[in-house]
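Read through the structure below, which is laid out as structure tokens, and then see the notes.
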Amino acid sequence: MTLHLYNTRTRQKEIFEPITPDSVKMYVCGPTVYNLVHIGNARPVVVFDTLFRVLRSLYAEVIYARNITDIDDKIMKAARENNESIADLSARYAAEYQKDMAALLNLEPTITPYATHHVGEMIAMVEALLQRGHAYVAENHVLFDVKSMPDYGRLSNRSLDDMLEGARVEVAPYKKYGGDFVLWKPSSDSEPGWDSPWGRGRPGWHLECSAMIEKHLGHTIDIHGGGRDLIFPHHENELAQSQCAHGGTEYVRYWMHNGYINIDGEKMSKSLGNFRWVRDLLEQFPGEVIRFALLSAHYRSELDFSAALLEQSRASLDSLYGALRKVKDVEAAAVDVAASPIYQALLDDLNTPLAISALHDLARRINKSEGPELAQLKGEILAGAGLMGLLPRDPDVWFQGDASATGIDAAQVEALIAERQQAKLDKNYARADAIRQELKAMGVVLEDSKQGTTWKIEN
RNA sequence: GGCGCGAUAGCAAAGCGGUUAUGCUCCGGAUUGCAAAUCCGUUCAGCCCGGUUCGACUCCGGGUCGCGCCUCCA
């Protein structure tokens, strides 16, 4: 039972071994809370939530930290536009984020650190970098001196000169070298700021993750995750800061990055105006459908998000829940998930598409089977799906929804089904069909079987 | 200019040097008062050109096309 993970730093799959046996420390970059989150923000959360679940099945202790960035220039701008305090705005959107992530069936991380709670630690790290000669002060800024670190650029696999050649951004005049990045920058009186040895100011973007990891997880962690776009500059710079502040100690053993989400084949971007907010999607689809869609491709691949993908995901879940509905009165057997093909697929760098195909295989076997093996199959499918955060619901709830949300009175539906049952016994098929039509008009679809008649809400 | 990724059937998406991926759709069959669900089956693959091999969708080389990053970014 070996977990293999693709490590961005080495660009290959490796056997995962935690630093401390039976204990894993994982950190994932969370959102900057200045708006609702879009589907691109949700992908790493779902991916690493799945990894979190797999890790917990393998190790006695898994500490999973996912931060909230609650100080940032984008937040400052949004607060100004909203005429709202930064603290209020970031707290509001942090709460919305938690709500959306819960709707996508993500577990709470072990730790949710906030950037603004760690300014002291950030200042201490900047001081350490200055002391060790990896940073310098210039015009009230503190900058990281990338040339002081011999293997800067190793994570993103690029050389300093190559980076500057393609740079799209003008180099600030106070930088000794164009690639140097800001650790601390001054704040004007109207901007939020904290007192520091270099005057009132605020931290650079990369610093918070380094400081929070140092405080909560230590100098070396097992896994650091995030979107592919964070490899450079964010993670490269985080790595540089932390490693240099700690005298060269390895910062992260396994770097993991998920691929992008495209919308109808195009990159999701502000200029195209094609952002998909999780909140909007949740109005049209259950969170589980969105989660399923995100897991339907391998996490390192690009994923094209579209209405067709969501419809297909819903159809797949209908099929899986259909099998569960058949065995809803069967008590699931306790199973050893380790033997499951689903587990094997997930251990291979989170091969969720393959794991999902194994889910379908189990569903088919449930549909075909009768008798005692159903308990075993039910146990297997639930345990396997649980590793991905899927199929947690009562199948009746899946198909029939929540009466308060659908406005459908289950008792009334049941009464009509009973009446139709009698009509069928009386061979009064005209009446039976009329009842079917009546319910159909309400959005209720009937399914007759040997066990009786079940119903579901039409999508 | 530098670094990197990808191309699989109508659509989505995996594994694999040889033997069914899987899901949705289409078609046929079983079942069915009707309808659905379910089961069985069929059809439809591997961008192009070489090479290695008994055998290549899979490995290697070269093209073509598409995409990403190079200091806002999931």
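Computed over heavy atoms, backbone and side chain alike; hydrogens, waters and symmetry mates excluded. So that the names make sense, note that chain A is the first sequence line, chain B the second, and so on, each numbered from 1.
Base pairing of B:G41 is made with B:C27, judged by Watson-Crick or G-U wobble geometry with both donor-acceptor distances under 3.5 Å.
Within the nucleic acid shown, A:Thr454 has no heavy atom closer than 4.0 Å to any nucleic acid atom. Looking at heavy-atom distances under 4.0 Å, A:Arg314 makes no contact with the nucleic acid at all. As judged by a 4.0 angstrom heavy-atom cut-off over every strand, A:His298 is placed among residues touching the sugar-phosphate backbone only. Looking at heavy-atom distances under 4.0 Å, A:Gly322 makes no contact with the nucleic acid at all.
Considering only side-chain atoms of A:Lys424, the nucleotide from B:C34, B:C69, B:C24 that sits closest is B:C34. Taking the side chain of A:Ser301 as heavy atoms from C-beta on, and the options B:U38, B:G33, B:A14, the nearest nucleotide is B:A14. Comparing B:A35, B:U71, B:C70 against the side chain of A:Phe181 picks out B:U71 as the nearest. The side chain of A:Ala432 approaches B:G33 more closely than any other nucleotide in the set B:G33, B:C34, B:C69. With B:A74, B:A13, B:C34 as the choices, the nucleotide that has an atom nearest any side-chain atom of A:Ala297 turns out to be B:A13. Which of B:C70, B:C24, B:A14 sits closest to the side chain of A:Ser319 comes down to B:C24. When the nucleotides B:A37, B:C70, B:A74 are ranked by their closest atom to the side chain of A:Phe232, B:C70 comes out on top. When distances run from any side-chain atom of A:Glu447 to the nucleotides B:G33, B:U71, B:A36, the shortest one goes to B:A36.
Within residues 342-359 of chain A, the residues that have a heavy atom under 4.0 Å from RNA chain B are, in order of number, A:Asn351, A:Pro353, A:Leu354, A:Ser357.
A residue-by-residue look at A:Ser156 and A:Asp180 shows that A:Ser156 has its nearest nucleotide of RNA chain B further toward the 5' end. Checking A:Gly227 against A:Glu302, the closest nucleotide of RNA chain B that is more toward the 5' end is the one next to A:Glu302.
Nucleotides B:G46 and B:A37 are separated by 34 Å at their C1' atoms, to the nearest Å. Rounded to whole Å, the separation between the C1' atoms of B:C49 and B:G28 comes to 40 Å. Between the C1' atoms of B:U58 and B:G51, the separation comes to 15 Å (whole Å). Distance noted for atom P between B:C47 and B:U42: 25 Å (whole Å). Of the P atoms belonging to B:C16 and B:G6, the separation is 14 Å, rounded to the nearest Å. Straight-line distance between the P atoms of B:A9 and B:G62: roughly 25 Å, to the nearest whole Å. Comparing B:U52 with B:A13, their P atoms are spaced 35 Å from each other, to the whole Å.
Checking the phosphate oxygens (OP1, OP2) of B:C40, a side-chain nitrogen or oxygen of A:Lys368 falls inside 4.0 Å. The shortest distance between the side-chain N/O atoms of A:Asn157 and the OP1/OP2 oxygens of B:G4 is below 4.0 Å. Between A:Asn367 and B:U38 there is no side-chain N or O to OP1 or OP2 distance below 4.0 Å. Look at A:Ser449 and you won't find any side-chain N or O under 4.0 angstrom from OP1 or OP2 of B:U31. The side chain of A:Lys456 contributes no N or O atom lying less than 4.0 Å from OP1 or OP2 of B:A35. Contact annotation: A:Arg364 reaches the phosphate of B:C40 (side-chain N/O to OP1 or OP2, under 4.0 Å).
At a cut-off of 3.5 angstrom, the base of B:C70 holds no donor-acceptor pair with the side chain of A:Arg158. The base of B:A74 lies outside donor-acceptor range of the side chain of A:Arg43, with no N or O pair under 3.5 Å. One donor-acceptor pair, N or O on each side, does fall under 3.5 Å between the base of B:C34 and the side chain of A:Asp448.
At least one side-chain heavy atom of A:Asp318 sits less than 4.5 Å from a side-chain heavy atom of A:Phe399. A:Lys176 places none of its side-chain heavy atoms less than 4.5 Å from the side chain of A:Lys147. Considering only heavy atoms from C-beta on, A:Leu239 stays 4.5 Å or farther from A:Tyr152 through its side chain.
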Verify side chain to side chain donor-acceptor pair (under 3.5 Å) between A:Trp184 and A:Asn140, making sure each step is shown before the conclusion.
CA-CA 8 Å; A:Trp184 190 263; A:Asn140 301 316; over 6 Å; no
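The existence of a salt bridge linking A:Lys77 and A:Glu81 is confirmed by a sub-4.0 Å separation between a basic side-chain nitrogen and an acidic carboxylate oxygen.
At distances below 3.5 Å, at least one donor-acceptor pair connects side-chain atoms of A:Glu288 with backbone N or O atoms of A:Leu391.
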